[in-house]
Each structure stands twice: as structure tokens, then as C-alpha cells.
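In what follows, every chain begins at residue 1, and chains take the letters A, B, ... in the order their sequences are listed.
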Amino acid sequence: MRNAAPGQLAADRALPRSPGMTPPVDWIRPANLEAARAAQHEIAARVETEDRLPASPALVAGVDCAGAARGAPDRVRAMAVLLSAQARSRPLATGLVEGAPAFPYIPGFLGFREIPFVLEAVGKLPQRPDLVLVDGHGVSHPRGCGIATHLGVVLDLPTIGVAKSVLVGRLEGELGLEAGSTAPLVWKGRQIATVLRSKRGVQPLFVSTGHRVSAETAVRLVMEWLAGYRLPEPTRLADRLAGEARRAAEAGEGLL
DNA sequence: GCGACAG
DNA sequence: ATCTTGTCGC
């Protein structure tokens with residue numbers, strides 16, 4: 001079992017979920033696009049868009065994925081970082097996983113490619129966080145099921161989507177140039193995310209509800225977890241550490 | 001039919 | 001996401 005398909009083993013063994021229910025396999029490893037699309041509709045029907053998390057989360061995790069290594073075409077590396085409100089710059093723990101994705105990258109279906117690995121990476125953390133910041137959209141998705149929402153429902157944890165570009169929708173109105181400026185991202189007449197200028201002079205972030213976090217709280221928490229950079233610290237560290245891990249792997253395998 | 005299109 | 005040096009602006 002040590003050499004089982006990465007995604008499969010990851011999904012079953014490492015699910016750091018509260019006891020009670022196990023997500024349908026199609027929510028994690030659907031056999032095809034049609035099944036994946038159906039799963040997204042099921043997941044979207046279970047999303048909670050109201051707050052159901054501590055007002056000030058003490059343990060916040062950040063997750064991100066990167067290519068495993070240049071030269072290793074279809075490999076993915078997932079990094080999970082656990083931070084505490086007390087020491088936000090110093091990770092309490094990290095979880096790293098690598099494997100071959102069962103899904104290709106298809107806009108709108110990112111979760112099926114990365115979540116199997118993210119689940120295993122989060123499972124390597126010593127404890128479940130109060131909140132998870134995800135690199136990508138939450139409900140600001142064609143079917144209301146971006147990777148942040150997908151992950152939140154599967155993990156049964158509060159999540160926030162922090163994307164660096166738009167998937168669907170359009171910025172409405174004007175976005176100020178100052179840090180903290182916001183504007184609605186609207187799609188089909190509905191606000192689906194908040195465009196946030198996290199820092200002066202940088203491209204904005206697209207913050208959306210993942211699961212159990214309201215749109216307003218999502219923006220507040222992202223702002224609270226910023227540390228002088230465009231991305232909030234949990235996500236920024238996961239992104240940076242994933243990149244460092246990739247370089248280390250390339251060097252270790254002599255792929256240079 | 002023609003674009004758009006998270007990471 | 002990834003390939004990539006120098007360069008412009010806060």
C-alpha cells in the first residue's frame with residue numbers, strides 16, 4: 001500500500017475530518033468531467049456562506065500547489081503551512097506531499113487536480129486548523145464550487161478563497177489605489193467575491209467565501225493576516241515553501 | 001460559432 | 001502553473 005496511487009491513498013488515509021461522514025469518492029476522484037461537474041453541484045449545495053468559525057482564529061493554515069519539478073511533466077507538490085495568531089511569521093508545522101495528478105488542469109475543475117494532495121498535506125499537520133486560506137477561488141466559480149469551497153466542504157473546515165486573477169465575473173465600479181480598498185466582483189448580477197487591494201501598488205486579490213466564512217469576514221481575516229506583502233501570510237508561506245521544496249528536489253535529483 | 005479561462 | 005534579466009515605480 002505504500003506505492004498506491006498518490007491521490008487515492010491520500011484521500012482515504014489522510015482525511016483530517018471530524019468523525020461522522022466520509023465524502024463520496026466522486027467529490028475527490030471522479031472518473032470523468034461529467035461526474036466532476038455533478039460533484040461540484042453537490043458540494044455547492046452544501047456550502048455554508050455564513051460565519052461558523054472563531055472571530056479570531058488561533059490556528060490558520062495556508063495551502064498551495066506547485067509543479068514538482070521542471071522536467072517532471074505531470075507532477076504536483078502540495079504544501080500546507082500551519083500558523084498561530086501568536087507567531088504569525090513562524091510556521092508551527094508544515095506538510096509536504098508530491099505525486100502524479102489524476103486530473104489535468106481544466107479551468108473550473110482545479111480542485112480535482114490538487115485536492116487529493118492538499119488533503120494529504122493538511123493531514124500531515126499536527127492538528128486541524130480553525131481556518132484554511134486557499135490559493136484560488138471559493139464560491140466565485142461557474143458552479144459556486146472553486147477549490148476553496150471544494151476543500152472546505154471535503155475537510156469540513158472553514159476556508160477562504162484568495163485568488164490572484166478572475167475566473168468568472170467582472171469588477172464593478174472603481175477600485176481605490178490604497179491598501180484595503182475594495183470593490184465587488186459581480187457575475188450574473190450577483191456579487192461573488194470582493195476585489196481587494198491588499199497593498200498599495202499591487203494587483204488586487206479576489207477574496208471569496210470558501211466554506212463557513214461570510215464574504216465580509218473573509219476580507220477582514222485576509223486583511224488581518226497580511227504581513228506587508230500582497231498575499232496573506234499563510235498562503236504566501238505555503239507558496240514560498242512549495243517553491244523552495246521544488247528547487248531542493250531538483251537539486252537532490254540532479255535535475256539541473 | 002467565437003472568446004474566456006483560478007493554478 | 002512555468003519559462004526568465006533587467007527595469008520601472010512606490
How is [X] classified with respect to the nucleic acid when contacts are heavy atoms under 4.0 Å: base, sugar-phosphate, or nothing?
{"X": "Val76(A)", "value": "nothing"}
{"X": "Gly108(A)", "value": "base"}
{"X": "Phe112(A)", "value": "nothing"}
{"X": "Gly146(A)", "value": "base"}

Phosphate OP1/OP2 of dC5(B) contacted by Ser165(A) side-chain N/O (<4.0 Å):
no

Distance below 4.0 Å between Lys164(A) side-chain N/O and dA6(B) OP1 or OP2:
no

Interatomic distance where [atom1] belongs to [X] and [atom2] belongs to [N] [whole Å]:
{"X": "Arg77(A)", "N": "dT2(C)", "atom1": "CZ", "atom2": "C1'", "value": "14 Å"}
{"X": "His141(A)", "N": "dG7(B)", "atom1": "NE2", "atom2": "C1'", "value": "12 Å"}
{"X": "Lys188(A)", "N": "dA4(B)", "atom1": "NZ", "atom2": "C1'", "value": "14 Å"}
{"X": "Leu205(A)", "N": "dA6(B)", "atom1": "CG", "atom2": "P", "value": "15 Å"}
{"X": "Ile115(A)", "N": "dG7(B)", "atom1": "CD1", "atom2": "P", "value": "15 Å"}
{"X": "Phe109(A)", "N": "dA6(B)", "atom1": "CZ", "atom2": "P", "value": "13 Å"}
{"X": "Glu114(A)", "N": "dG7(B)", "atom1": "CD", "atom2": "P", "value": "9 Å"}
{"X": "Lys199(A)", "N": "dG9(C)", "atom1": "NZ", "atom2": "C1'", "value": "12 Å"}

Both atom distances under 3.5 Å, Watson-Crick or G-U wobble: I'd like the secondary structure of DNA chain C as a dot-bracket string, with | for pairs made across strands.
..........

Which atom pair, heavy atoms only, marks the closest approach of [X] to [Y]?
{"X": "Gly62(A)", "Y": "Ala238(A)", "value": "O-CB, 3.6 Å"}
{"X": "Tyr229(A)", "Y": "Lys199(A)", "value": "C-CD, 4.0 Å"}
{"X": "Asp26(A)", "Y": "Ala35(A)", "value": "OD2-CB, 3.8 Å"}

Could you check Gly67(A) against Arg200(A) and say which one's nearest nucleotide on DNA chain C is further toward the 5' end?
Gly67(A)

Hey, which of these two, Cys65(A) or Gly201(A), hits DNA chain C nearer its 5' end, going by closest nucleotide?
Cys65(A)

In terms of side-chain heavy atoms of Arg246(A), which of dA6(B), dG7(B), dT2(C) is nearest?
dT2(C)

From C-beta outward on Ala66(A), which listed nucleotide comes closest to its side chain: dA6(B), dA1(C), dC10(C)?
dA1(C)

Can [X] and [Y] be counted as an ion pair, charged N to O under 4.0 angstrom?
{"X": "Glu178(A)", "Y": "Arg197(A)", "value": "no"}
{"X": "Glu48(A)", "Y": "Arg212(A)", "value": "yes"}
{"X": "Glu233(A)", "Y": "Arg236(A)", "value": "yes"}

Name the orientation class of the two ring planes belonging to Phe112(A) and His150(A) (parallel below 30°, tilted from 30 to 60°, perpendicular beyond 60°).
perpendicular

Hydrogens and angles aside, do Thr235(A) and Asp135(A) bring a side-chain donor and acceptor to less than 3.5 Å of each other?
no

Tyr105(A) ring over dG7(B) six-membered base ring, under 5.5 Å and 30°:
yes

Report the hydrophobic cluster partners of Leu196(A), with the cluster defined as I, L, V, M, F, W, Y residues connected by side-chain heavy atoms closer than 4.5 angstrom, directly or transitively.
Leu53(A), Val60(A), Met79(A), Val81(A), Leu83(A), Leu96(A), Leu131(A), Leu133(A), Ile160(A), Val162(A), Leu205(A), Val207(A), Val213(A), Val219(A), Leu221(A), Val222(A), Met223(A), Trp225(A), Leu226(A), Leu231(A), Leu237(A), Leu241(A)

Side chains of Arg37(A) and Phe109(A) in contact at under 4.5 Å (non-hydrogen atoms):
yes

Using Watson-Crick and G-U wobble pairs whose two distances are both under 3.5 Å, how do you write the pairing of DNA chain B as dot-bracket, with | for links to another strand?
.......

